Amino acid sequence: MHFSVMILGAGSAKPVANKYPSAQLLTYDNECFLIDCGEGTQYRLLEHKIRPGRLRGVFISHLHGDHYFGLIGLLSSLNLGGRTEEFFLVGPRGLDEIITMHFKYSQTPLHFPIIYTITDTESSYQVFENQNFTVTTIPLDHRIPCAGYLFREKPQKRKLIKEKLFDDMPHEYLRKLKNGEDVVDEAGNVLFKCLEFTTPAPPPRSYAYCSDTRYNESIIEIIQGVNLLYHEATFRDELEQQAFERYHATAKQAGIIAAKSHVKKLLIGHFSSRYKEFSGFLEDAQSVFKATEIAEEGKVFAIEHS
């Protein structure tokens, strides 16, 4: 199954030419979800030839504008496009009120249902589940309530060894083998051993999105060993005190979190507009965690098996 994240925007609060506020597109197989939805996100989707109608839902980390100002426009466009399919929305308390008030005073009835889940940013718990993955919150330390999200693939079935299968094997036999069961007859005799006809499924993959936050070691247990971690890195190391005062992290701190969490790969973004180039951020993070990349806008990062 295809599992990836595209960076639509990785800028911070202040607008900068040719940089965009926070938004990511998570794709699993043919399902698409947004993580945060900064101003202009729907234009970024169109730019990359992604139809907004493909979206199943949006996960909003917190109510600072650079993380959700694009949501009203996106919902309006979906409505104009004739959407009737339900839309999943996960975010902090108050977001539902903002949406309701906007469409109330614009006298715009929505023609599709929004399934809204409010996040409790004080604890980690599951907020979404479908047939492919679960989503768990990651409590973050920001100036207002803020939650990251952990997307964890569900365990897959074992793989059949096609060369060993018989042409007339019943479908029920194949199902049992893929589920890790031996096939037995009515007397309990083993007809086909699972270990002889299948190979283990690859380990489940995972992606952690840590939006605006101070350096926060309490998240380490939650994100331990994930395949890919996105962690904000608003400032470079020389402004560590300013980062703390503004409830943000430095690139080096993001690297420390990645190293202590034993993640496989780190992406850093949400750089302050004061910086004109970002190689220094990469140097800071890689000084403590080599497997770091810049969350380059427009780039797709595959969430790969270990």
Side-chain angles (χ1 to χ4, degrees), residues 1-6 24-35 50 54-57 59 85-86 88 90 115 117 124-138 148-210 219-230 258-267 291 293 299-306:
M1 292 290 188
H2 175 78
F3 193 14
S4 70
V5 62
M6 173 186 278
Q24 299 184 4
L25 180 75
L26 184 116
T27 301
Y28 189 98
D29 198 13
N30 290 317
E31 289 193 315
C32 296
F33 295 83
L34 282 176
I35 312 172
I50 298 161
R54 288 183 58 197
L55 295 172
R56 294 291 313 284
F59 297 85
E85 179 188 3
E86 65 185 11
F88 294 95
V90 180
I115 311 301
T117 301
S124 176
Y125 65 103
Q126 185 174 300
V127 289
F128 183 81
E129 179 180 17
N130 64 13
Q131 70 272 23
N132 295 317
F133 59 82
T134 61
V135 185
T136 304
T137 55
I138 306 170
Y149 295 101
L150 171 59
F151 299 80
R152 193 176 293 280
E153 183 180 38
K154 290 184 175 180
Q156 297 182 21
K157 297 182 183 298
R158 296 178 66 87
K159 304 295 184 181
L160 295 169
I161 303 174
K162 295 182 179 179
E163 297 78 14
K164 291 190 174 184
L165 301 180
F166 300 105
D167 291 338
D168 58 348
M169 285 184 81
H171 178 75
E172 179 63 16
Y173 287 10
L174 300 179
R175 186 190 67 80
K176 286 188 174 183
L177 292 171
K178 290 175 68 175
N179 286 337
E181 305 173 39
D182 291 336
V183 177
V184 298
D185 62 19
E186 293 181 357
N189 300 309
V190 176
L191 301 177
F192 303 103
K193 287 187 176 181
C194 167
L195 294 180
E196 292 181 3
F197 288 85
T198 66
T199 58
R205 295 165 289 178
S206 51
Y207 174 60
Y209 174 81
C210 292
I219 71 173
I220 289 174
E221 183 178 355
I222 301 171
I223 66 174
Q224 189 70 213
V226 300
N227 298 87
L228 182 62
L229 166 66
Y230 171 86
K260 290 188 174 184
S261 304
H262 300 100
V263 308
K264 307 304 185 294
K265 186 174 181 178
L266 170 67
L267 301 179
E293 289 191 42
K299 188 170 181 179
V300 176
F301 294 89
I303 300 165
E304 300 176 321
H305 294 289
S306 310

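Index from 1, following the sequence. These numbers come from a predicted model, not from an experiment.
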Once rounded to the nearest 0.5 Å, what's the spacing between atom [atom1] of [X] and atom [atom2] of [Y]?
| X | Y | atom1 | atom2 | value |
| --- | --- | --- | --- | --- |
| L160 | R175 | CG | CZ | 12.0 Å |
| L266 | L228 | CG | CG | 8.0 Å |
| E196 | L177 | CD | CG | 10.0 Å |
| L165 | K162 | CG | NZ | 9.0 Å |
| K157 | L174 | NZ | CG | 12.0 Å |

Are [X] and [Y] close enough that some pair of their side-chain heavy atoms sits under 4.5 Å apart?
| X | Y | answer |
| --- | --- | --- |
| F3 | R205 | yes |
| T198 | K159 | no |
| H2 | T27 | yes |
| S124 | E221 | no |
| I50 | L25 | yes |
| E153 | I303 | no |
| E293 | K265 | yes |
| V127 | T136 | no |

Testing the basics here: between [X] and [Y], what is the closest heavy-atom pair and its distance to 0.1 Å?
| X | Y | result |
| --- | --- | --- |
| L34 | L55 | CD1-CD1, 3.8 Å |
| P204 | P155 | CG-CA, 3.9 Å |
| G225 | K264 | O-NZ, 3.1 Å |
| R152 | I222 | NH2-O, 4.1 Å |
| I138 | C210 | CD1-SG, 4.2 Å |
| R158 | G180 | CD-CA, 3.7 Å |

Next on the checklist: Quick one, L191 with V184, criterion side-chain contact (heavy atoms from CB on, under 4.5 Å). Give me CA distance, side-chain angles, the key distance, then yes/no.
Outcome noted: CA-CA 5 Å; L191 301 177; V184 298; 5.8 Å; no
Checklist entry - Counting N and O atoms only, with roles assigned by atom type, does the side chain of D185 sit under 3.5 Å from a partner on the main chain of A187, one being a donor and the other an acceptor? => result yes
Checklist entry - If only atom types and distance count, is the side chain of K260 paired as donor or acceptor with the main-chain N or O of I220 below 3.5 Å? => result no
Next on the checklist: With a 6.0 Å cut-off (strictly less than), is the heavy-atom count around NZ of K178, excluding the residue itself, greater than 12?
Outcome noted: no
Looking at the rings of [X] and [Y], which for Trp means the six-membered one, are their centres under 6.0 Å apart?
| X | Y | answer |
| --- | --- | --- |
| F33 | F151 | no |
| F59 | Y149 | yes |
| F301 | Y207 | no |

Polar contact flag, side-chain donor to acceptor under 3.5 angstrom, [X]-[Y]:
| X | Y | result |
| --- | --- | --- |
| E304 | N227 | no |
| Q131 | Y28 | no |
| K154 | N132 | no |

Next on the checklist: Please evaluate residues L229 and S261 with respect to the criterion side-chain contact (heavy atoms from CB on, under 4.5 Å), reporting the C-alpha separation (whole Å), side-chain torsions for both, the decisive distance (0.1 Å), and the verdict.
Outcome noted: CA-CA 10 Å; L229 166 66; S261 304; 5.6 Å; no
Checklist entry - Is the closest basic N to carboxylate O distance between E31 and R54 below 4.0 Å? => result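 Between R54 and E31 there is no salt bridge, as every charged N stays at least 4.0 Å from the carboxylate O atoms.
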Next on the checklist: The test is side-chain contact (heavy atoms from CB on, under 4.5 Å); show your working for V183 and V190 and say whether it passes.
Outcome noted: CA-CA 6 Å; V183 177; V190 176; over 6 Å; no
Checklist entry - Going by the angle between their ring planes, with limits at 30° and 60°, are F197 and F192 parallel, tilted or perpendicular? => result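 Geometry flag for F192 against F197: perpendicular rings.
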Next on the checklist: Applying side-chain contact (heavy atoms from CB on, under 4.5 Å) to V90 and V135, what does each step give before you reach the verdict?
Outcome noted: CA-CA 10 Å; V90 180; V135 185; over 6 Å; no
